[in-house]
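Just so you know, these numbers use all the heavy atoms, side chains as well, and skip hydrogens, waters and symmetry mates.
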Amino acid sequence: MSSKSPTEQYTYVRNCKQTTFCSGIPLVDLSKPDAKSLIVNACEEFGFFKVINHGVPMEAISMLESEAMNFFSMPIIEKQKAGPANPFGYGNKSIGRGGDVGWVEFLLLKTNQEHNSPTLSSAFGQNRENFRSVLNEYMCGVRKMACEILDLMAEGLNIQPKNVFSKLLMDKESDSIFRVNHYPACPKKNHNDDENMIGFGEHTDPQIISLLRSNNTSGLQISLRDGSWISVPPDHSSFFINVGDSLQVMTNGRFRSVRHRVVANGSKSRLSMIYFVGPPLSEKIAPLPSLMKGNESLYKEFTWFEYKNSIYGSRLADNRLGHFERIAAS
Ligand SMILES: C=C1C[C@]23C[C@@]1(O)CC[C@H]2[C@@]12CC[C@H](O)[C@@](C)(C(=O)O1)[C@H]2[C@@H]3C(=O)O
Ligand SMILES: O=C(O)CCC(=O)C(=O)O
Ligand SMILES: [Fe+2]
């Protein structure tokens, strides 16, 4: 990491009781018949769950992880050839356009494009073909799992057609993105300190769902309904699924878009890879009629394009959906 500029304002969070390791994270075995009801319960209560028997080949996972580590191990000057992440490419410390800063460097990529942009090519040099094929294999596996999970959500909610959510991902115009985050180990300010530096500040993901996989380094925390934070024990062979803002709206608030953050680890580096399932830009994001059951929509209607326009420039911690909430008539 390059040295800190005067404008950078890192944030620290205290290691309070609630952030001690919690094993209460909902666990879904995709090979079991109860998967759909467990998914629905988890999305209602937490907006978050862990998936095993996900079907993504471990070899594809390890190969992408090692390609990513090779990339992040390069000198900063080489990595910067793939930047700035505006909107896609290599980014360092600065997240989004609203001035957020974190102890993180990352690659942001589009999922439905050939990864042969001049910026990425120059950073990957001779290795770009290998990177491209490893990335495609990983993304194919994750897309398949995402489709299965989205269909199980529709089945669990008893809504037709079964592909009401997954068709948005399968659409060739799907605005999905892929992100690889690298959080270098971050020594504490003082030896006995119980504070950790923020790697990625608290936020909700704007898309439908996000499928996250990391190495075995802790750091991810989710916020519960009562506002407390719990740490998610890392598991390099599983995936973690977040409900995003768009799915909260499509279920008229039944599923919860989970607030989450990453704290930097004092001794080990964390590498995470996240596939964000986004709808096509022209898609109307509104509660599904079959989930309304005579209730009013909690949200004003908007397209994904409008939502993206309204949020990019916001601060990470902002309540982005607030702008689209309907005030209930008294
Ligand atoms: C501060 C921001 C960064 C972000 C765009 C935003 O204005 C608000 C949402 C952020 C987020 C969170 C999930 C994903 O990591 C991300 C790529 C996304 O789609 O929304 C990031 C955006 C980003 O890093 O540019
Ligand atoms: O890197 C992680 O573990 C999570 C990062 C995250 O929430 C995001 O990129 O939106
Ligand atoms: Fe996120």
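Judged by distance alone, with hydrogens and angles left aside, the side-chain atoms of K162 form no donor-acceptor pair with the main-chain N or O of A154 at under 3.5 Å. R213 places a side-chain N or O within 3.5 Å of a backbone atom of H236 that can act as its donor or acceptor partner. Remark: side-chain polar atoms of H54 are not paired, donor with acceptor, to backbone N or O of V142 under 3.5 angstrom. R143 places no side-chain N or O within donor-acceptor distance of the main-chain N or O of Y275, the cut-off being under 3.5 Å. Side-chain atoms of S238 never come within 3.5 Å of backbone atoms of I52 as a donor-acceptor pair (strictly under, hydrogens ignored). A distance-only check finds a donor-acceptor pair linking the side chain of D100 to the backbone of L316 [under 3.5 Å]. Listed for the R179 side chain is no donor-acceptor partner under 3.5 Å among the backbone atoms of S272. Under a 3.5 Å cut-off, the side chain of E137 and the backbone N or O of V134 do not form any donor-acceptor pair. Side chain of S176 to backbone of G278: a donor-acceptor contact under 3.5 angstrom is found. No donor-acceptor pair under 3.5 Å is formed between the side chain of N252 and the backbone N or O of L291.
Residues Q207 and W304 have side chains in contact (heavy-atom distance under 4.5 Å, counting atoms from C-beta outward). Using a 4.5 Å cut-off on side-chain heavy atoms (C-beta onward), V13 and R261 make contact. Taking 4.5 Å as the limit, every side-chain heavy atom of H182 sits out of range of all side-chain heavy atoms of V180. The shortest distance between side-chain heavy atoms of F239 and L30 does not fall below 4.5 Å. Within the 4.5 Å cutoff, side-chain heavy atoms of L212 are placed close to those of I274. Side-chain atoms of F302 and L321, non-hydrogen and from C-beta on, do get closer than 4.5 Å to each other. Using a 4.5 Å heavy-atom cutoff, the side chains of F49 and I149 are in contact. Residues L157 and L288 are not in side-chain contact: their nearest non-hydrogen atoms beyond the backbone lie 4.5 Å or more apart.
A donor and an acceptor atom, one from each side chain of N265 and S218, are located under 3.5 Å apart. There is no side-chain donor-acceptor pair under 3.5 Å between E65 and N215.
Follow the hydrophobic side-chain contacts under 4.5 Å out from M145 and you reach M58 in the same cluster. Residues F131 and M69 are members of one and the same hydrophobic cluster, defined by side-chain heavy-atom contacts under 4.5 angstrom among Ile, Leu, Val, Met, Phe, Trp and Tyr. Hydrophobic cluster membership differs between M292 and I159, with clusters built from Ile, Leu, Val, Met, Phe, Trp and Tyr side chains linked at under 4.5 angstrom. Under a hydrophobic-cluster definition in which Ile, Leu, Val, Met, Phe, Trp and Tyr are linked whenever side-chain heavy atoms come within less than 4.5 Å, directly or via other members, F255 and L27 are assigned to different clusters.
Taking all atoms of both residues into account, the shortest heavy-atom contact from V56 to G141 is CG2-O, 3.7 Å. The two residues T204 and S257 have their closest heavy-atom pair at CB-OG, 3.3 Å. The heavy-atom pair separating R270 from S214 by the smallest distance is NH1-OG, 3.4 Å. Between W103 and P184, the shortest heavy-atom distance links the atoms NE1-O, 2.9 Å. Summarising the geometry of A146 relative to V277, their closest heavy-atom pair is CB-CG2, 4.2 Å, with the distance given to 0.1 Å. Between V104 and Y183, the shortest heavy-atom contact is CG2-CE2, 3.4 Å.
Under the 4.0 Å criterion applied to side-chain N and carboxylate O atoms, E296 and R326 are not assigned as salt-bridge partners. Ion pair R254/E44 flagged as a salt bridge, since at least one NZ, NE, NH1 or NH2 atom sits closer than 4.0 Å to an Asp/Glu carboxylate oxygen.
The OG atom of S228 lies 3.5 Å from the CG atom of D226; values are rounded to the nearest 0.5 Å. How far CD1 of I25 is from OG of S231: 9.0 Å, rounded to the nearest 0.5 Å. F178 contributes atom CZ, which lies 10.0 Å from atom OG1 of T111 (distance to the nearest 0.5 angstrom). Summarising the geometry, atom CE belonging to M63 is positioned 6.5 Å from atom OG belonging to S133; distances are rounded to the nearest 0.5 Å. Separating the CZ atom in R259 from the CD1 atom in I222 is a distance of 13.5 Å, to the nearest 0.5 Å. In this structure, CG in D318 is found 12.0 Å from NE2 in H323, a value given to the nearest 0.5 Å.
Between Y90 and F71, the gap from one ring centroid to the other is short of 6.0 Å. Here Y307 and F324 bring their ring centres to under 6.0 angstrom of each other.
Heavy-atom contacts from other residues, nucleotides or ligands closer than 6.0 Å to CD of E59 number 12 or fewer. The local environment of CE in M170 is sparse, with at most 12 non-hydrogen atoms from other residues, nucleotides or ligands closer than 6.0 Å.
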Working for side-chain contact (heavy atoms from CB on, under 4.5 Å), residues L150 and L168
CA-CA 10 Å; L150 290 167; L168 304 174; over 6 Å; no
Quick one: do I177 and F88 satisfy side-chain contact (heavy atoms from CB on, under 4.5 Å)? Show the steps, please.
CA-CA 9 Å; I177 52 179; F88 298 108; 3.5 Å; yes
Verdict with reasoning, M139 to L109, per side-chain contact (heavy atoms from CB on, under 4.5 Å):
CA-CA 11 Å; M139 290 205 301; L109 307 168; over 6 Å; no
List the steps, then state whether side-chain contact (heavy atoms from CB on, under 4.5 Å) holds for D245 with D205.
CA-CA 6 Å; D245 298 343; D205 292 345; over 6 Å; no
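For the pairing with H203, the side-chain hydrogen bond (donor to acceptor under 3.5 Å, both in side chains) check across H260, R315, R320 returns one residue only, H260.
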